[in-house]
There are 4 protein chains.
Amino acid sequence: MIRPRNAEVGSRVLAAAAAEIEARGYEGLSMDRVAEQAGVAKTTIYRRWPSKAELVVALIGHLRSDVPFEPTDDPRRDLTDLVTAIAANLTATPTSLIADLAAAAAREPRVGESVRALWADRHRAVTAVVAEAQRVGVVLHDVQPAVLVDQLVGPLYYRLLVTGEPLTPDYARSLVRSVLGPEESR
Amino acid sequence: MIRPRNAEVGSRVLAAAAAEIEARGYEGLSMDRVAEQAGVAKTTIYRRWPSKAELVVALIGHLRSDVPFEPTDDPRRDLTDLVTAIAANLTATPTSLIADLAAAAAREPRVGESVRALWADRHRAVTAVVAEAQRVGVVLHDVQPAVLVDQLVGPLYYRLLVTGEPLTPDYARSLVRSVLGPEESR
Amino acid sequence: MIRPRNAEVGSRVLAAAAAEIEARGYEGLSMDRVAEQAGVAKTTIYRRWPSKAELVVALIGHLRSDVPFEPTDDPRRDLTDLVTAIAANLTATPTSLIADLAAAAAREPRVGESVRALWADRHRAVTAVVAEAQRVGVVLHDVQPAVLVDQLVGPLYYRLLVTGEPLTPDYARSLVRSVLGPEESR
Amino acid sequence: MIRPRNAEVGSRVLAAAAAEIEARGYEGLSMDRVAEQAGVAKTTIYRRWPSKAELVVALIGHLRSDVPFEPTDDPRRDLTDLVTAIAANLTATPTSLIADLAAAAAREPRVGESVRALWADRHRAVTAVVAEAQRVGVVLHDVQPAVLVDQLVGPLYYRLLVTGEPLTPDYARSLVRSVLGPEESR
DNA sequence: ATGTAAACGAGACGGTACGTCACGTCTTCTG
DNA sequence: CAGAAGACGTGACGTACCGTCTCGTTTACAT
């Protein structure tokens, strides 16, 4: 009965927004520019996403090209691989983008949800491996797995956003070693 | 020789900015409003702080009623106290402010320096205690102290900025316990 | 196709600007105040007129309740009427406005065009009458009409902008008499 | 007992102001910049000239490096020379400066006086020659000399400030011829 | 085929903030 | 006291967004 939405419009907008946010960060993401770049009227964007924040929410949902990971039977190795992969992924992403997302998340609850969902995958993956490690007894301490996960992943964000130090593969290994203890003699 | 800056101007501006940021968040911090509220000309503010970001940096630097800390001879207790205090301090500060600072830091090098300097104090304090703990043998693992510090402090920021989980005293204790191992029976 | 400009906005702005310029002169014409007085956003004004100068140009263009003139078959009388009318019109306009327009014209080419277009009408009218006078032999001298026009109109601006002497009807008559020669005895 | 004013300060300020006004026009004349360029404190300038306008007044008084002229016994030639010289002088001066001076003159009475004094010299010179011409009978018409002067000089300013047409020597000659009539065959 | 309802493009508009640039006054210190 | 140095208040400028609005123009679908 009514005219259906043109699917291409959505993707063009998202693509333009992605390009913009990549290039200038969330702060520098301008609705006018996105509209122009996408060859779309601003009205059209607002008809679909009621605010810039919601557009970003949608955008993030699209971006979630996450750290792929297949668990093996060696938790230590899995953990090392995972943490290293996360570190690499974070390093590849412009820091300002991550920081802007965190900032937007802190301001707008709706964005918060979606940004948290963005990171949740990897957090869950680490949690699974930590649980497995604990099950097979690789993790000695009697600590809640959630805490261990935070201590493996948190430092990565901490360095990135707070201290500004680099995220090397070596650093990732150190984190794992610190949690699991030194490798058994071989 | 020249007319000195009126110290009261600075404090009035900072006070107004603090009030504003408290009331409306970083987002809602308007230079015009700060100027008006402080009874000061906007130009005067800009003469001292070249941008809004720098004003906020100064503001935080001022607010640095930092985590006071006197080391005792019990590193475990010191560490617990310190981490708990940092967690409390972070909790007391609006999350969006911290996130915005991180974002500003990621964008503008100048701001980055200042913001990093802001967190550096507490980072250093933790480092000192960790070193002491290592010296007296409380820390079992053979890990670089820098990594341990990141694993104590990083998770706090991680929860705050990324997962959004709360920073309870209990959580702080868990972090310490995870690093130092369970308390010896006594 | 697109949302048309609200004509009322234009007229309200122009009206406010006219009132302001009347009351405080070109110097005291503030865009903010015009916007407020017109009940219009400042951005809207700038969307239509890219600068204060252009707004004033438009304003004058609007005010061009120009020297209406119907040629008769008596060139001498026409000329006298025209020059007198121009003098009256110049006298009625605040001198500072005319001077500021000239200044703006000298600085910005774009404004220059508009301002010259503003005066061109009357210049053309005088030219036509001079040509007619020359055709019917009222003008004795063998001079290019353009020069005669300048000698009829130029002195008006000269007095206004340079010597500051008044533009009386008498003076206008003298200018014409100087060019056409004394009236034939009648 | 009191410290006398350093005469050099005044000249340095005037020199700087002259340079500035030459380069950027009256509008672009900034007191801060003059102070800096003159290596003088702004206070010092304001101690001597209570406002920018007054400084310009003083400056103009200094600039009056006028059209030199020695009358001969041939009024027609004198007039041609004079008008040509004035035209040349006007052409050599940046139009925007002349326009700005006119504008300033229209706004500030004090500046008006001094600007009028600036042009008065040449006006007077032309008046003298016209009177002489009238005395020896070169000027046919029975017109007040003041009007003739305006018709000789006014068109120059008119072209410069209003129509924007060039001031060629030819044009100057045309003006004279128009007033004096064609040269007698000789 | 044709009417209709919604999608869409284009851009006007109100608003809020930003950071910049003058002017002229004031305050302090030095020669 | 003159002068240097610059802080300060005031007020304007022009710019960049945001989100809403008002048009006219398609376009799918239901009759």
Side-chain angles (χ1 to χ4, degrees), chain A residues 1-10 27-36 38-53, chain B residues 1-10 27-35 39-53, chain C residues 1-10 27-35 38-53, chain D residues 1-6 8-9 27-36 38-53 55:
Chain A
M1 212 220 302
I2 63 171
R3 174 180 178 184
R5 285 188 171 172
N6 181 346
E8 203 201 315
V9 163
E27 182 90 330
L29 179 63
S30 143
M31 295 302 266
D32 289 80
R33 216 159 26 223
V34 167
E36 192 186 13
V40 146
K42 215 172 29 155
T43 337
T44 301
I45 302 182
Y46 275 99
R47 201 170 293 114
R48 301 183 177 213
W49 301 280
S51 75
K52 179 173 156 177
Chain B
M1 218 217 300
I2 63 170
R3 175 179 178 182
R5 287 190 168 171
N6 183 345
E8 211 200 336
V9 163
E27 173 92 326
L29 180 62
S30 144
M31 297 301 266
D32 289 82
R33 212 155 31 217
V34 167
V40 146
K42 204 172 39 154
T43 35
T44 299
I45 301 183
Y46 276 100
R47 206 169 287 115
R48 299 185 176 212
W49 301 280
S51 76
K52 182 172 152 178
Chain C
M1 224 221 291
I2 62 170
R3 175 179 177 182
R5 287 191 168 171
N6 183 344
E8 211 200 336
V9 163
E27 174 93 325
L29 180 62
S30 143
M31 297 301 266
D32 289 84
R33 211 155 33 218
V34 167
V40 147
K42 203 172 39 155
T43 37
T44 299
I45 302 182
Y46 276 101
R47 206 169 287 114
R48 299 185 176 212
W49 301 280
S51 74
K52 182 172 150 178
Chain D
M1 186 33 162
I2 64 169
R3 175 177 177 182
R5 285 187 172 171
N6 181 346
E8 202 202 316
V9 164
E27 182 90 330
L29 180 63
S30 143
M31 296 300 267
D32 289 82
R33 220 164 17 229
V34 167
E36 192 187 12
V40 146
K42 221 174 19 157
T43 336
T44 304
I45 301 182
Y46 275 100
R47 212 191 309 282
R48 302 188 176 210
W49 301 280
S51 75
K52 179 174 158 177
L55 172 61

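Residue numbering restarts at 1 for every chain, and letters A, B, ... go by the order of the sequence lines.
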Task: Closest-nucleotide ordering on DNA chain F, the 5'-leading residue of T44(B) and G28(C) - done: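 Residue closer to the 5' terminus by nearest nucleotide: T44(B).
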Gap between atoms [atom1] and [atom2], on [X] and [N] respectively (whole Å):
X      : N       : atom1 : atom2 : answer
W49(C) : dG14(F) : CH2   : C1'   : 16 Å
E8(A)  : dT27(F) : CD    : P     : 13 Å
E36(D) : dA5(F)  : CD    : C1'   : 12 Å
I45(B) : dA17(E) : CD1   : C1'   : 13 Å

Quick test: give all pairs of protein nitrogen or oxygen and nucleotides 23-27 of chain E nitrogen or oxygen below 3.5 Å, distance rounded to 0.1 Å.
unit_1  : atom_1 : unit_2 : atom_2 : d
dC23(E) : OP1    : L29(D) : O      : 3.1
dC23(E) : OP1    : M31(D) : N      : 3.4
dC23(E) : OP1    : K52(D) : NZ     : 3.3
dC23(E) : OP2    : M31(D) : N      : 2.7
dG24(E) : OP2    : Y46(D) : OH     : 2.8
dG24(E) : OP2    : K52(D) : N      : 3.3
dG24(E) : N7     : K42(D) : NZ     : 3.1
dG24(E) : O6     : K42(D) : NZ     : 2.7
dC26(E) : O2     : R3(B)  : NH1    : 2.7
dT27(E) : O4'    : R3(B)  : NE     : 3.3

Test salt bridge (Lys or Arg N to Asp or Glu O under 4.0 Å) applied to [X] - qualifying residues, sequence neighbours left out:
X      : value
R33(A) : E20(A)
K42(D) : D32(D)
E8(B)  : R12(B)
R5(B)  : none

Open item on the list: Heavy atoms only, 4.0 Å cut-off, all strands: where does G10(B) land among base, sugar-phosphate and nothing?
Closed with: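 No contact.
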Open item on the list: Which residues pass the side chain to side chain contact (heavy atoms under 4.5 Å, CB included) test with A53(C), not counting sequence neighbours?
Closed with: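 Residues passing side chain to side chain contact (heavy atoms under 4.5 Å, CB included) with A53(C): Y26(C), S51(C), E108(C), V111(C).
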Task: Nearest-0.5 Å distance, CE of residue M31(D) to NZ of residue K52(D) - done: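 NZ of K52(D) is found 8.0 Å from CE of M31(D).
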Open item on the list: Is the phosphate of dA28(F) approached by R5(A) (side-chain N or O, under 4.0 Å from OP1 or OP2)?
Closed with: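 So the side chain of R5(A) is outside the cut-off, no N or O lying under 4.0 Å from OP1 or OP2 of dA28(F).
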